[in-house]
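In what follows, residues are counted from 1 in the order of the sequence shown.
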Amino acid sequence: MSNKKPEAGRLPYTKVSLILDFLRGSIRYFVISIFSALCVTGLDMLSPQLIRTTVDCILGDNELKAPGLVQNLIGQIGGVEYLRGHLWLIGGLILILALLSVSFRYLFMLFNAKGAEGLVETMRNHLFSHIQRLPFSWHMQNQTGDIIQRCTSDVDMVKNFVSEQLTSVFRIVILITLSLIFMFSMNPRLTLVALASIPVIIAYSAYFHSKIGSQFMKCDENEGILSTIAQENLTGVRVVRAFGREKYEKDRFEKQNNIYTNLWIRLCRFLALFWGAGDLISGLQVMLIVILGSVFCVRGSMTAGEFIAFISYNAMLTWPVRSLGRMIAEMSKAGVSIERIRYIMNSVAEQDKPDAGTPDMCGDIEFQNVSFSYADMPVLTDISFKIPRGTTFGILGGTGSGKSTLMYLLNRLYELPPENGRITVGGVDIADMKGGWVRSHIGMVLQESFLFSRTIAENIGITRRDMSLSDIRWAASIACVDGAICEFTNGYDTVVGERGVTLSGGQKQRTAIARMLTQRTPIMVFDDSLSAVDSETDARIRQALKKNLGGSTVILISHRVTTLMQAENILVLDKGRIAELGSHEELMKKNGIYRRIYDMQMTLPEEVAEHGA
């Protein structure tokens, strides 16, 4: 987990500060729900007193002891004798109190639900927004399934804790306080007996707190692993089917699912023991109160009305005390979820320098003594070369030679440490530019052509909301995909399916190229993005690019020599170092790596040659 400050000028979130930040938009609803809950509590407190007074003073012969205002009101309607003959008035009062209680209970549930859903909305919006701004390297280190699980299950766990537990704190405190006050006023000795169970409940709840928390952490982490396996298989279903890996993937999923299930069963054992112990202690306490209360009534130290009211208040006391124990248990699980969400929110977002600028991006590109490593594994070592503006530059190299990494650094998907060299455009270090500015002026077509589950027109025109169909077709024609799209039944309104599965590999690549061309950027990077098209289409696309976008700087990364041979300069990488640099003619004369690959590809069938390269 990251211990760095998430953003300049802001300390990392603590659990409390994170919850308070999420609550900003919905706290007013929780305040109203808490007020409503307190009203329900107050009304619930009145009912036992009303029953006690009725049994002892109206039905019985005890002297009426009530606040002066209540006694004056009873006197105005005819006194106790009048109430004895009109018991329906007391029944009506109890009904009114019940209706008021129901009304406030409805308000509590309504505003609590509004606050809970508002909290979830805020949490997901904040998480999604922050994840969008996290560096590419962070996404490479964290599995997609685990991120999704943190943004769904963990968010729901926090919501449930806040809406079901924290909002009940005030009501629980009031219930316990008022119940004890009324109980002490009726029989102090019996109240002490009722209080004896509270330290026991708190003690065993504290013991189970750490046990439940550690078990839930394991469950949560393994749910993330399970989500990752499911997500990978759903997105890579064609690969699984193509290689006949259904049984292997099914066994892999079932193995992880068994681990996850067994962890939850173990957690449920703890929870069952926890709640079972609570039920036992609460049952014994109620039984003891009933027995001792009956004895006190027989001896005359308690009236029948007091006994009935005491049992009612004891029931009210037992529920909040048990709720405190449940709150401790739920706090363990919610604490784990908050911590997992906090990891995301405290991860360092991409940040520009305070004085980052937006210079002209039409100048020469220069790599100066660039070195880069993934963790402790060197990928690039002392790379230096220059790409004059408006030229075509080719990059050739074997798998893992660092070709794509060069472009990720140019586009600032990876940040280059200052001590590891410089990358400049027009003489200005890209580290001194705004990241969004750099990416908006460098168009990239990556190795894997990712398309969204939308129409072809939406995929191509995704870079601008106001893009016309003519602009989309212009880009598609340069990418040599316009004809293929028009042959579809729905043309540009054809939905490509998730990740573009309804298109062929070549069509996906050309659609991705068209999408990049709509940006009309001064720098264009094609990262092995013509590998799925035939040589003839490859040549047509390169000719169209040169004809329509001749002023742009074009960087071609490819295993295919025919794709690169028309470039003004070609860089050959070998194990992260520059092996050769020059034009096609110059490299052919050197009889080095480039010449060997050229001879191989011109001699062997293209598929074999590319594999060998």
Side-chain angles (χ1 to χ4, degrees), residues 1-38 108-139 141-144 146-173 209 213 216-217 220-221 223-224 227 327-352 354 435-436:
M1 294 186 180
S2 176
N3 294 318
K4 299 177 182 178
K5 294 182 179 181
E7 292 176 11
R10 178 173 70 78
L11 293 173
Y13 282 113
T14 62
K15 291 182 179 180
V16 175
S17 65
L18 182 61
I19 290 295
L20 291 176
D21 191 43
F22 286 149
L23 281 171
R24 285 183 181 178
S26 55
I27 194 167
R28 63 184 184 275
Y29 297 119
F30 286 120
V31 170
I32 297 174
S33 70
I34 290 171
F35 173 77
S36 301
L38 295 180
F108 165 75
M109 297 180 67
L110 174 64
F111 286 102
N112 192 52
K114 283 187 175 182
E117 296 308 318
L119 174 63
V120 168
E121 181 183 22
T122 301
M123 291 176 71
R124 288 178 178 161
N125 286 342
H126 277 53
L127 282 166
F128 188 81
S129 175
H130 189 70
I131 289 171
Q132 291 289 314
R133 296 184 290 115
L134 290 175
F136 183 66
S137 57
W138 185 90
H139 287 276
Q141 296 167 5
N142 292 274
Q143 295 180 320
T144 302
D146 184 61
I147 297 173
I148 293 173
Q149 197 264 342
R150 291 172 191 251
C151 295
T152 51
S153 298
D154 287 320
V155 165
D156 286 337
M157 178 59 68
V158 173
K159 179 204 77 169
N160 292 335
F161 177 71
V162 172
S163 62
E164 296 177 10
Q165 307 301 324
L166 287 185
T167 54
S168 300
V169 169
F170 296 96
R171 186 187 179 196
I172 290 172
V173 171
H209 171 75
F216 185 76
M217 171 67 84
D220 222 17
E221 290 175 347
E223 185 181 357
S227 298
M327 187 178 298
I328 292 174
E330 293 299 314
M331 189 184 300
S332 300
K333 297 189 286 187
V336 171
S337 294
I338 293 171
E339 185 62 36
R340 285 167 57 79
I341 294 171
R342 193 168 74 97
Y343 165 67
I344 294 178
M345 296 302 297
N346 279 345
S347 295
V348 184
E350 283 188 326
Q351 300 170 27
D352 295 321

Heavy atoms of M345 and L127 approach each other most closely as SD-CD2, 3.8 Å
For residues 12-28, the salt bridge (charged side-chain N to carboxylate O under 4.0 Å, His left out) pairs (sequence neighbours left out) are D21-R24
OG on S33 to CE on M109, rounded to 0.5 Å: 11.5 Å
Which atoms form the tightest heavy-atom contact between S36 and F108, and what is the distance? CB-N, 3.7 Å
With a 4.5 Å heavy-atom cut-off, do K159 and E164 have their side chains touching? no
Pairwise side-chain contact, N112 with S163, heavy-atom cut-off 4.5 Å (strictly under): yes
Nearest-0.5 Å distance that lies between atom OG in S153 and atom CZ in R340: 9.0 Å
Where R124 and C151 come nearest, the two heavy atoms and their spacing: NE-O, 3.6 Å
Show the nearest heavy-atom pair for residues N346 and Y13, with the distance to one decimal. OD1-N, 2.7 Å
Answer yes or no: is there a side-chain heavy-atom contact under 4.5 Å between V348 and Q351? yes
Rounded to the nearest 0.5 Å, how far does CG of N125 lie from CD of E121? 5.5 Å
Would you call the rings of Y29 and F111 parallel, tilted or perpendicular, where under 30° means parallel and over 60° means perpendicular? parallel
Closest heavy-atom contact between G435 and D352? N-OD1, 2.8 Å
Which distance, rounded to the nearest 0.5 Å, do you find between the NZ of K114 and the CZ of F30? 13.0 Å
With a 4.5 Å limit on heavy-atom distance, are the side chains of S337 and F161 in contact? no
So do the side chains of R150 and Y343 get within less than 4.5 Å of each other, counting heavy atoms only? yes
Considering all heavy atoms of both residues, which atom of M123 and which atom of I341 are nearest to each other, and what is their separation? CE-CD1, 3.6 Å
For the residue pair H130 and I344, establish whether any side-chain heavy-atom pair is separated by less than 4.5 Å. yes
